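Remarks on the structure that follows.
No experiment lies behind these values; they were computed from the predicted model shown. Sequence lines set the chain letters: A, B, ... in the order given, protein chains first and strands last, and positions in each chain run from 1.
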Amino acid sequence: MERVAGPFLLVRVAGASLALPISVVERIADTGQRAQLDLGEFVGLVDATQDRAAAIALKTAAGVVVSAVDGIGEVVQAALLQPVPPVTRLTVESVVRGLIRLESGAEPGWSVLLDGASLGDLVAERVLERPP
Amino acid sequence: MTRDVPGKTLPREAATRVLSFVGAGLPLVTPITGVERVVEERALVRLPFACRGLVGLLPYAEAMVPLYDLEAFASQRRAVPRDCDNALAGVMPTPLGRIAVRFDRLSGLFPSGDPMPGGERIVSELPLPLQPCIGGATQIEGLVAFFFAPDLFVEQILHSDG
């Protein structure tokens with residue numbers, strides 16, 4: 001994986017740990033009047049997140065709700081999504097950039113690094129698709 | 001004993017043995033030489049936008065190996081982590097890289113049986129997405145079992161629509 005620039009926001013949805021570049025985040029815990037998407041449902045991890053404990057406003061015109069915000073940290077280790085067999089759906093593969101470990105996090109372990117800009121665009125697109 | 005060089009460091013009889021397991025509710029066998037290790041489902045990393053049948057990534061040998069659930073692959077249901085102890089999976093090398101396949105149950109090692117006459121007909125009654133991953137039918141201790149081919153399964157993943 002190419003060099004990844006942090007810091008990153010670590011969030012938890014449906015038992016999965018996801019990392020977003022902090023540069024795509026506008027606010028945490030308040031999405032204002034923005035349309036919100038359930039991040040766990042959106043990325044296909046769960047039908048609906050049971051625990052919507054935190055909300056994040058993205059710099060695109062949308063927000064997401066997650067189970068928890070675990071912290072902010074810099075990358076201490078990065079890895080490719082190995083091995084070769086495809087592990088994510090091809091149409092959105094560019095959103096999942098790889099795996100990282102952060103220097104600070106609620107629990108040690110790997111987190112999935114998302115391409116914040118691509119995710120933000122996808123979320124905004126989905127919000128705009130929804131009927132008012 | 002290492003199994004890095006199948007057929008070379010294994011006892012001669014191992015090359016003719018099969019590992020028997022249940023996957024997608026089916027009795028399956030695969031040559032033991034094609035199973036690198038049996039591992040527990042631990043420290044699983046779930047992936048967003050996972051492709052069909054993928055449960056997540058398992059840390060393995062200082063790398064990550066994708067763990068697949070045959071039932072989820074066949075039914076197109078979401079594959080989820082199992083909430084139990086001793087959930088096992090087999091790590092199997094393929095030409096495209098290692099994969100791990102979830103075992104519903106591990107039955108053991110058995111001498112490899114001959115292909116069953118008319119096995120194609122039995123295979124044709126299996127769930128459609130799994131049929132291309134099955135290399136035929138055999139009998140293990142008098143019961144029908146199906147040859148699971150990891151390399152053919154990976155081909156199916158490559159060609160599945162998500």
_Pairs involving residues 117-156 of chain B, ordered by first then second residue, that meet ring pair (Phe, Tyr, Trp, His ring centres under 6.0 Å) (sequence neighbours left out)_ = B:Y68-B:F153, B:F73-B:F153, B:F148-B:F153

_Under the ring pair (Phe, Tyr, Trp, His ring centres under 6.0 Å) definition, can you give me all pairs with a residue in residues 104-132 of chain B, not counting sequence neighbours?_
none

*Do B:V22 and B:L109 belong to the same hydrophobic cluster, where Ile, Leu, Val, Met, Phe, Trp and Tyr are linked whenever their side-chain heavy atoms lie under 4.5 Å apart, directly or via other members?*
no

*Linking I/L/V/M/F/W/Y whenever their side-chain heavy atoms sit closer than 4.5 Å, directly or via other members, would B:L152 and B:V35 fall into one cluster?*
no

*Does B:P48 reach the side chain of A:V95, with side-chain heavy atoms less than 4.5 Å apart?*
no

_Rounded distance (nearest 0.5 Å) linking atom CG of A:L45 with atom CZ of B:R46_ = 5.0 Å

_For a quick test of reading the model, state the closest non-hydrogen atom pair linking A:F42 to B:F49 and the distance between them._
O-CE2, 3.6 Å

